[in-house]
Amino acid sequence: MSEVSFHFNDKLYKGQLGEPMAAALLRNGLLSITNSTYHGRPRGIVGLGVEEPNVLVQLVSGTKESMLPATVIEVAEGLAACSLTGVGSLPSSPDEARYDRTHHYIDTLVIGAGLAGLMVAGEHLRAGREVLLIDDQPGPGGHLRHLGIELPSDLRDVLAHENLTYLCRCTTVGLYDQNYVVAIERRSDHLGDSAPLPRGARIRVWHIRADWVVLAPGAFQRPLIFANNDRPGIMLSHAAATYVAVHGVRIFSHAVVVTVDNQGYRDALRLHREGVQVKTIYDARPSAGGPSVDAARAAGIPIRFRTTVLDTAPNSDGALQTVIIQDLDTNETFHTDAELLAVSGGWTPIVDLVTHVGIKPQWSANHAAFLVNHSTDRLCTAGMLAGDFGGDDDPSVFFGPVLDSEQARHAYIDLQRDTTLHELRRAVVAGLNSIEHIKRYTTIGTAHDQGKTSGMLTIGALCQLNAVAEGGNSGLSPADVGTLSFRPPYVPVPFAALAGRERGMLSDPIRITALHLWHVEAGAVFEDVGQWKRPWYFPKPGERIDDTVRRECVAAREGVAVMDASTLGKIDIQGPDAAVFLDRIYTNNFSTLPEGQCRYGLMCKTDGIVFDDGVTTRLDRNHFLMTTTTGGAARVLAWLEEWLQTEWPDLKVYCTSVTEHISTIALVGPKSRQLLKELVTDIDLSKDAFPFMHSRMATIDGIPVRIARISFSGELAFEINVSWGHARYIWEKLWALGHPYDLTAYGTETMHVLRAEKGYIIIGQDTDGTQTPHDLNMSWVVSKKKEFIGKRSFQLPWLKATGRLQLVGLLPENNEEVVPEGAYITVLNAHPDEQGKTQHTGFVTSSYYSPALGRAFALALVAEGLKRMGEVVAVPVPAPMTIGGKKVMRASICDAVFVDKENIRRDS
Amino acid sequence: MIIKESPLQGMNMGTVATVAIRELPGLHTIDLRVAPGSSTQAELAEALGMELPGKPGQTRWGSISGGSEAHALCLAPDWWLIVGFQEAAQKLAPLLLKNDNHFGVVDVSDQRTTLELEGPKVREVLSHLWDQDLREKSFPIACVSQGLMAKAPVIVCHIAPFRYRVMVRSSFAFHLWKALIDAAEEWV
Amino acid sequence: MTNTQDNLSPGTIGRRRAAALPEQPPKLWKTVKPKKAYDAVIVGGGGHGLATAYYLAKNHGLTNVAVLEKGWLAGGNTARNTTIIRSNYLWDESAAIYEHSLKLWETLEEDLGYEMFFSQRGVLTLAHSVSDVRSKRRNFFANALNGIDSEWLTPAEVKKLVPIINISEDVRYPVAGATYQPRGGIAKHDWVAWGFAKAASDLGVDIIQGTEVTGFDIQNNKVQGVYTSRGTIAAGRVGIVAAGHSSLLANLAGFSIPIQSRPLQALVSPLLEQVLNTVVMSSAVHVYVSQAHKGELVMGAGTDAFNSYAQRGGFHVIEHQLAAAVELFPIFSRAQVLRTWGGIVDIAPDASPIIGLTPVENLFINTGWGTGGFKATPGSGWVMAYTMAHGNPHELNRPFSLDRFETGHLIDEHGAAGVAH
Amino acid sequence: MLYIPCPHCGLRNETEFHYGAEAGVAYPDPHALTDSEWAKYLYIRANPKGWFAERWVHFAGCGRWFNLWRNTLTHEIGPVWLPFTTQPKSPNDIGQEGSGS
């Protein structure tokens, strides 16, 4: 051990490297360290580890984590911290630390590197299993470390075994179904601020799946409930003895030990041996025996049975001065002075983890504790949790003396929440008898320590209340009350640790096409479409989005423009029954589709609601290539597979995703054929030889491509399909050839304008999961003859009811006024009713300015819209959607096709 | 013939002393679908001149014309990938014409790209992103497994001691590359 | 807290005390033994059941009423939710019933004479992409026509309202805008249930815990009473208001409902100095967070994918949730998860509730609130009480009848709601 | 994180699967059904507490659908079977021997 210096509340202290900050503070004489959360009473160290209810600190150095118990922080050079009053604060400076996650599979996971854990680990090693041993302490030994005892050699051998991996400072925070364990490894905090952060993470989250899980987490010592039981100087006896004996704390000259078991005697002896004068051991039991009791006697420590602590009195700075002892038979009291009151209220085994998976702890009167003696072929408990307390504890079920209402006001059950016996009694009087209700009424057990010490006291207090009410020792046993429910995590865990590396651009995949880098170089502004990055528009210097979109639209309608359509889902469908299959999936027919031709198709779910669309090409008799929406690709493939696998296994069809394999370039505009002719020379691209909705194989510089006359813009357009690896070459070549044509690249926004001008829908924009094909005025794509998925639902009353929203066009009266998308539509002069509600008659789904029309236009879903052509409706637009506050726009209902109704341009 | 561009353009980083990650661009791959144990499966194997591994998770190397080796991965009872076999599709084409045959064959060479990870720390690196059991006894050499790595769909092959291949959908390739570099931070 | 200067010294921290809660009333509800018969029995002692009992007594003079709870009062979803209250739903039918509920919230503390920390701190619903903005704006327009307070905020305005939020472009899904309902907020869940329980108890309603309904006494398709773990109790009408067990109870009564029960998790941090005074929701990246009165951050996560009655979910759901939260609020990086827990949510195919008649005469059901039940507590009880008193649905819950699944007239809140805490 | 036995790939984490709710609900002849029968097919699935025969698909793995007995109260996992094969008895009826997680 080497001496280091650290800051606490801005003062410099010396400490031993690696010792708990709590030990260093005590050795430096800090007894009163903080004030309690609500009552502002002085408080000091009580415990040894994560059960510490009082002294929570804020790290000022290093990672600046808040709300850490001083008992678990290891002292290191440069460490700086300050005390808290139960309320943490979040530093606004960026958290520079790294946090990550790892996945680990193991034969046997042993939780707890104490005696019990190490012994079971040894058994599993001998059985030829690989063992992962995790423990939250800086070193192995558990209890032995507190006693300052070396590990016996056989257990050192276990640790040294080649098939054992030991992780220290690794706290198990959750136990989940099928032996799934989550643990938090603090890898660098103990190095302090001066040491450079090691490579890798500050905190690593271990996700562990084990064939066998062994839980040997040990136990916490319990305090007792008595008046003014919260004063600095009142500590758990095991903690006090450890700080004195192991960490050389020399601030106590006189101690009083109050106990209900033999642990108190063992701790009294340790204090005694270190020169602390133990004035008396007050034991609630009528008598006690066993080695530790004999040893205490031999050491000359006075012992008084049937006595316990009733109350305490403070010195000038609020710390313990006087202990008031009560004789439990005569009820008479007497005083004795001490700086230390060491309390041993029995052990509370750590049942938290097992209860996470719903295993119920069992009350054992002999142990005065809830135990989990669980052993299946996959999960077992060991050590104190399983009832093996090792020593000769022989505890009595005793939680404190009977207190009057005045004493109860200062008898603390949950030190962190400042909740007292008084509040617990009020809860019971109020009619609350469930421990969960009492917890919620009093907030006991809801603080940072999650009731690690207060939970059992609450149960004890309830039993005592009941016993008093029943006038004697009859009444409730803790078994009847049951434990508080424990939930993960076992100790608090920083958000960032659980977030891990799923931060920034790694938080969700970014999907890109083969042409992405070109788009970036071309200065595209991107849009997130699901996980895809798609070019939204390609602004030239100084352009605003509207300028850009108008320029791109004009190019597509009057010249030639090009778009990367590679994100469309593509599914290769082949097999003798492919056509039959598609007939069942799509609302329209595909068995009638000639080879080498393409057809638009619409899919419904069984409920008759449209869920995807796209163009499917018949490559040959038994071979189709389906395209889906960008967002729908995975959904549709899963849909196809579900029907093939679970309903129609007789159909001979195989489906394969080729979304990435094939890149798709859409060449659009009156000059597209001219330009394409320069690129594709081995097939006839003329109108008659290559009509609309036909598909042809061709080659460009020896690269095989499939050209299809598909148009999502209503313009003369060609789709060039080429493998990912050749897409960039083709695009670049097209771009070079396109220069004389002023070839213009366009993005999704222009695509939306162009398709809307033709009344082509976008699933998810012009639909909201409630439209049938008929609602979309697409009955032309619904087969009357054949059966298909969803057809039956069209017969349901509501799906064929009048008054349904139907897709129509909207022309704003003001040519320049683009109505906002999502805006609702009312009849003219609609007024709010008395509840302030205004009847609406539909809403705007898509709305743009059309350079081709020279005006604004929109698509909308309007009640009975198809019957209301020409009707003028109102679109009330509240601030801030318009400049100058709320206004009502007017628009007339029209057909949804605005450009080239006769499809002359498309088919030219 | 114009050379294909791969999603990661042969990127590589790290060192085999700890872990090295590099792209293996342009591995020719076909997706093969056929009823397991059917006579058609046997015909396909014969036409390819290599055995198809029988169970999902198994792989098999087969030497093909030119002495080079092709890799057959079984992904599902009726689903295989044939990797590194340029002529595979042509060899199978005639069988498609026999109308009693039912099988699927699709060129998916560009659907995915392949990353190879090698070095003593390769498992530590993979374990940050891969939640499947990589222990030798669970995932020995010549095993293949599909799953999610950094939320990207991947196919992982155990090629040789401390050497794994990760086939990733091309659109996810750059994302996975960044995730792997990040996961390897401790070692390179 | 937005300045990059940390003042982590005792001078600025460590002095602050957590806001204390006022003392609870000395008496909540009477502990009684069940009578032989009641005019009405409500199966399920959660917030909705207790509210139903209260409004039966208050609005309809029906006081010979029992609430039967198999466990401890309000120990189900009422005790496990993230207490978000809002009414800015997309569809008119939803907006109407949630807005009615919100109006009841606004006078509930006076009405029940019970403090519940109902705090109208506003609810922000974030949008993260062009299409997300489109659908959230539609929501905003719909609310405007329905007379529901709703505002559209730009990222800059969002930042002004919630200074700790990260609106930078260099995150995976930047904030692109938000709807804001100023009247939305939170309340203290347990106290809400206890407030209803106390008020109902004061009006003569019997609140009976630890009593499980094991069956229904049905004759000629008419309910006569319930069989319970403490014997048979006759009842003129019976209401099933037991989120997390609706399907099981419906089956006991001999009919099926289109409900699936899923785990829904939430989590809470230790007490922290106030950094967040608004409720922030993002269905796109799964963040639902508020900072409660005492200072703890309360967050909702997503539902697990499978049916479960175990009241626990997978840890990966929590991790995913926190990754999103830290992206949105970098200051949360060092906040700690103190406790996670799970509830059972009953979800209907259209993510909307089912409230009304059942195939059995005088037997009524109230279920399917999914992840959004808490905010509906008063409104749900109000219309359920009306429905039970009149034997017919109130106009507000008529659209949410069981038979909408036969007409096909679903009220699909998936699109707008996401996980609608 | 459930550990689900894919009949083809072996034990895998829950996140590789999608849920398919109640098993064994066959696609009926839609036009042979009344509206309410059709609605029942569309919207009503079993939702029991305890052992449940349910569907899963290993979407991130082999992509195959299969059926599983799972206890919705304890999350124990029981026997697995493929579509169009006989459904094994509920672990309820055969005691615990069926639950092999």
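Here is how names work: the chains are called A, B, and so on, in the same order as the sequence lines, proteins then strands, and each is numbered from 1. All of these numbers come straight from a predicted model, not from anything done at the bench.
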Given that the side chain runs from C-beta out, which part of [X] has a heavy atom under 4.5 Å from chain A: side chain, backbone, both or neither?
| X | answer |
| --- | --- |
| C:Asn146 | both |
| C:Asp132 | neither |
| C:Ala310 | neither |
| C:Thr340 | both |
| C:Ile148 | neither |
| C:Ala96 | both |
| C:Ser129 | side chain |
| C:Val337 | both |
| C:Leu267 | side chain |
| C:Glu406 | backbone |

Got a sec, which residues hit salt bridge (charged side-chain N to carboxylate O under 4.0 Å, His left out) with A:Glu821, two or more places apart in sequence or on another chain? C:Arg134
With sequence neighbours excluded, what pairs up with C:Glu327 under the salt bridge (charged side-chain N to carboxylate O under 4.0 Å, His left out) test? A:Arg503
Looking at C:Pro330, C:Ala142, C:Gly147, which makes the most heavy-atom pairs under 4.5 Å with chain A? C:Ala142
Interface check, chain A: of C:Ala335, C:Ala176, C:Ala323, C:Ala144, most non-hydrogen pairs under 4.5 Å belong to C:Ala335
Does a sphere of radius 6.0 Å around NZ in C:Lys30 hold more than 12 heavy atoms from other residues, nucleotides or ligands, not counting ones at 6.0 Å or beyond? yes
Contacting region of [X] [heavy-atom separation from chain C under 4.5 Å]:
| X | value |
| --- | --- |
| A:Glu527 | side chain |
| A:Ser793 | neither |
| A:Arg501 | neither |
| A:Val205 | side chain |
| A:Val182 | side chain |
| A:Tyr441 | both |
| A:Lys533 | side chain |

Is there a donor-acceptor contact under 3.5 Å from the side chain of A:Lys837 to the main chain of C:Leu145? no
Tested for side chain to side chain contact (heavy atoms under 4.5 Å, CB included) against C:Arg334, the lone hit among A:Pro91, A:Pro494, A:Ser89 is A:Pro91
Nearest atoms (heavy-atom pairs only) where [X] meets [Y]:
| X | Y | value |
| --- | --- | --- |
| A:Tyr176 | C:Phe315 | OH-CD1, 2.9 Å |
| A:Asp177 | C:Arg312 | OD1-NH2, 2.6 Å |
| A:Leu796 | C:Thr407 | CB-O, 3.7 Å |
| C:Arg172 | A:Pro509 | NH2-O, 2.8 Å |
| C:Phe141 | A:Pro820 | CZ-CB, 3.6 Å |
| A:Met67 | C:Pro270 | CE-CB, 3.7 Å |

I'd like to know if the side chain of [X] pairs up with that of [Y] as donor and acceptor (distance under 3.5 Å, no hydrogens or angles considered).
| X | Y | value |
| --- | --- | --- |
| C:Glu319 | A:His207 | yes |
| A:Glu65 | C:Gln336 | yes |
| C:Tyr173 | A:Asp528 | no |

Quick one: are C:Leu271 and A:Arg417 in side-chain contact, heavy atoms under 4.5 Å? yes
Side-chain contact test, heavy atoms from C-beta onward, threshold under 4.5 Å: evaluate it for A:Tyr180 versus C:His316 and give yes or no. no
Charged tip of C:Arg138 within 45° of A:Phe843 ring normal and under 6.0 Å: yes
Which one, A:Ala823, A:Ala447, A:Pro832, A:Ser434, leads in non-hydrogen pairs under 4.5 Å with chain C? A:Ala823
If you tally heavy-atom pairs under 4.5 Å between each of A:Ile762, A:Leu432, A:Thr446, A:Val491 and chain C, the highest tally belongs to A:Leu432
Spatial distance of atom [atom1] ([X]) from atom [atom2] ([Y]) [nearest 0.5 Å]:
| X | Y | atom1 | atom2 | value |
| --- | --- | --- | --- | --- |
| C:Asp412 | A:Asp768 | CG | CG | 7.5 Å |
| A:Leu90 | C:Ser269 | CG | OG | 7.5 Å |
| C:Phe405 | A:Asp607 | CZ | CG | 11.5 Å |

Taking the six-membered ring for Trp, are C:Trp29 and A:His437 parallel (under 30°), tilted (30 to 60°) or perpendicular (over 60°)? perpendicular
